[in-house]
Amino acid sequence: TGVALIPAKKIGYLAAHKRLRLTLLLAVVLVPAALCILVPYLWMFTTSLKPKGLTSLPPYLYPTHFEFVNYLIAWKAAPFLRYYANTALVAVAVVLLRLVLAGMAAYAFAFLRFKGRDLLFLLFLGTMMIPFQATVIPAYLIVRDLGWFNSFQALIVPRMVDAFSIFLMRQAFIGTPRDSLKAARLDGASHGNVLWRFALPLSRATAVTMGLFSFLFVWNDFLWPLLVAGGGGIYAGATGALRALAEASGLPGAEAPAGGWRRRGPLMHAALPARCQSRCPPVPDFRQLSHRAEHDHSYRRARLKIRT
């Protein structure tokens with residue numbers, strides 16, 4: 001009995017042929033998937049260059065006539081530069097404040113020993129499971145009572161503390177070498193010096209990651225700026241674009257200020273087709289809801305006094 005030996009050249013040819021078939025199979029699957037992902041973006045870009053009134057009837061992808069002036073008209077429709085400057089200012093302020101406050105809180109949770117530290121940290125982590133929709137009305141009422149509508153502090157202060165940022169920085173501080181920190185404490189460095197000169201510089205990668213997450217969250221945020229800064233020139237990027245769309249379309253409610261959206265505000269009109277607006281529920285007016293809650297609370301207190 002003999003063993004047939006396959007030449008090394010043929011083995012290399014079979015391996016290359018197998019890789020080629022695998023590559024072709026992946027191309028057959030991935031190329032259509034990539035086209036499905038890119039077509040909406042291509043449609044959006046070509047639609048922006050179509051003449052006014054000829055964007056979708058009948059639907060067509062490639063325009064016969066390119067209207068590059070559409071971008072100039074859209075840019076002049078509203079002060080978008082100011083809107084994006086407002087958003088950038090708020091985002092940078094939130095990132096810096098989160099870096100300072102999250103760094104100090106994380107240093108306390110990582111290096112300081114005090115009673116109830118672990119329980120308090122678990123409570124901080126528990127707040128990450130509370131959705132924003134559950135706290136938006138109390139936060140809105142606090143901003144209203146402070147008189148912060150249409151101001152930068154309404155956009156910055158409620159978001160300058162974040163449990164996820166504290167958790168991220170604490171985990172980074174725990175991984176830092178303790179020898180250098182202990183040596184700094186033995187040399188007489190205070191906790192502030194240890195934090196700013198040793199702990200944070202050794203956790204630069206985590207701090208940058210936390211800053212990027214925070215910046216993207218604030219930049220893409222829509223609901224909170226819409227509620228508390230919907231007027232007075234403090235529009236953010238997304239809310240300012242929505243206001244410009246509503247005004248350009250002649251939709252009612254475009255000039256409604258923060259804290260008092262009309263029954264059919266620009267959010268409802270911009271989000272839903274016109275034929276459905278008659279059947280849509282009204283946009284909630286948080287100011288009316290808060291007044292009603294205060295009235296019910298006063299009524300219950302008056303009844304309680306009468307009974308006693």
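Side chains included, hydrogens not; waters and symmetry mates left out as well; all remaining heavy atoms used.
- Considering all non-hydrogen atoms of both residues, L155 and V94 come closest at O-CG2, 4.3 Å.
- Contact check for L200 versus M169: side-chain heavy atoms found under the 4.5 Å cut-off.
- Taking the side chain as every heavy atom from C-beta outward, N193 and F198 never approach each other to under 4.5 Å.
- Linking ILVMFWY side-chain heavy atoms closer than 4.5 Å, directly or via other members, places Y107 and I174 in two distinct hydrophobic clusters.
- Between the S48 side chain and the F45 main chain, a donor and an acceptor come within less than 3.5 Å of each other.
- A 4.5 Å side-chain heavy-atom check between V194 and F111 finds every atom pair outside the cut-off.
- Atom CE in M44 sits 9.5 Å away from atom OG1 in T46 (nearest 0.5 Å).
- By the 6.0 Å contact criterion, CZ on F132 is enclosed, its count of non-hydrogen atoms from other residues, nucleotides or ligands being greater than 12.
- Between K76 and L72, the closest side-chain pair of non-hydrogen atoms falls below 4.5 Å.
- In this structure, L101 is a member of the same hydrophobic cluster as M128, with clusters built from ILVMFWY side-chain heavy atoms closer than 4.5 Å.
- A side-chain donor-acceptor contact under 3.5 Å links R204 to the backbone of P201.
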- Task: Decide side chain to side chain contact (heavy atoms under 4.5 Å, CB included) for E67 and I73; before the verdict, give the C-alpha distance in whole Å, the side-chain angles of both, and the deciding distance to 0.1 Å.
- Result: CA-CA 10 Å; E67 292 283 348; I73 296 174; over 6 Å; no

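- Within 6.0 Å of atom CZ in F213, 12 or fewer heavy atoms from other residues, nucleotides or ligands are found, so the atom counts as exposed in its surroundings.
- A donor-acceptor pair under 3.5 Å is formed between the side chain of W224 and the backbone N or O of A154.
- Closest non-hydrogen pair, L181 versus A199, comes out as CD2-N, 4.2 Å.
- A 6.0 Å sphere centred on CZ of R197 holds no more than 12 heavy atoms belonging to other residues, nucleotides or ligands.
- Under the 4.5 Å side-chain criterion, counting only non-hydrogen atoms from C-beta, F167 is in contact with L125.
- When atom types are taken as modelled, the side chain of N86 and the backbone of R82 share a donor-acceptor pair closer than 3.5 angstrom.
- From T206, atom OG1 reaches atom CD of Q171 across 9.5 Å, with rounding to the nearest 0.5 Å.
- For the pair V100 and M104, the minimum side-chain heavy-atom distance is below 4.5 Å.
- The closest donor-acceptor contact from the side chain of T176 to the backbone of F173 lies under 3.5 Å.
- Between the CG atom of L122 and the OG1 atom of T127 there is a distance of 11.0 Å, given to the nearest 0.5 Å.
- The shortest non-hydrogen separation linking D221 to P225 is OD2-CD, 3.6 Å.
- Relative ring orientation between F80 and Y83 is described as perpendicular, the plane-to-plane angle rising above 60° on a 0-90° scale split at 30° and 60°.
- Residues F164 and L120 fall within the same hydrophobic cluster, defined by Ile, Leu, Val, Met, Phe, Trp and Tyr side chains chained together at heavy-atom separations under 4.5 Å.
- Note on F217 and V90: same hydrophobic cluster, where clusters join Ile, Leu, Val, Met, Phe, Trp and Tyr whose side-chain heavy atoms are under 4.5 Å apart, directly or indirectly.
- Hydrophobic clustering of Ile, Leu, Val, Met, Phe, Trp and Tyr side chains at less than 4.5 Å, counting indirect connections, keeps W219 apart from L216.
- When all heavy atoms of Y140 and L227 are compared, the closest pair comes out as CE1-O, 3.7 Å.
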- Task: For V157 and F152, run side chain to side chain contact (heavy atoms under 4.5 Å, CB included): C-alpha distance rounded to whole Å, both residues' side-chain angles, the deciding distance at 0.1 Å, then the answer.
- Result: CA-CA 8 Å; V157 174; F152 285 109; over 6 Å; no

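- With hydrogens and angles disregarded, no donor-acceptor distance shorter than 3.5 Å links the side chain of R159 to the backbone of A91.
- In this structure, the separation between NE2 on H191 and CG on L112 is 5.0 Å, given to the nearest 0.5 Å.
- Considering only heavy atoms from C-beta on, V218 stays 4.5 Å or farther from T87 through its side chain.
- Summarising the geometry of R98 relative to S165, their closest heavy-atom pair is CD-OG, 4.0 Å, with the distance given to 0.1 Å.
- The minimum heavy-atom distance linking R117 with A108 is given by the pair CD-O, 3.9 Å.
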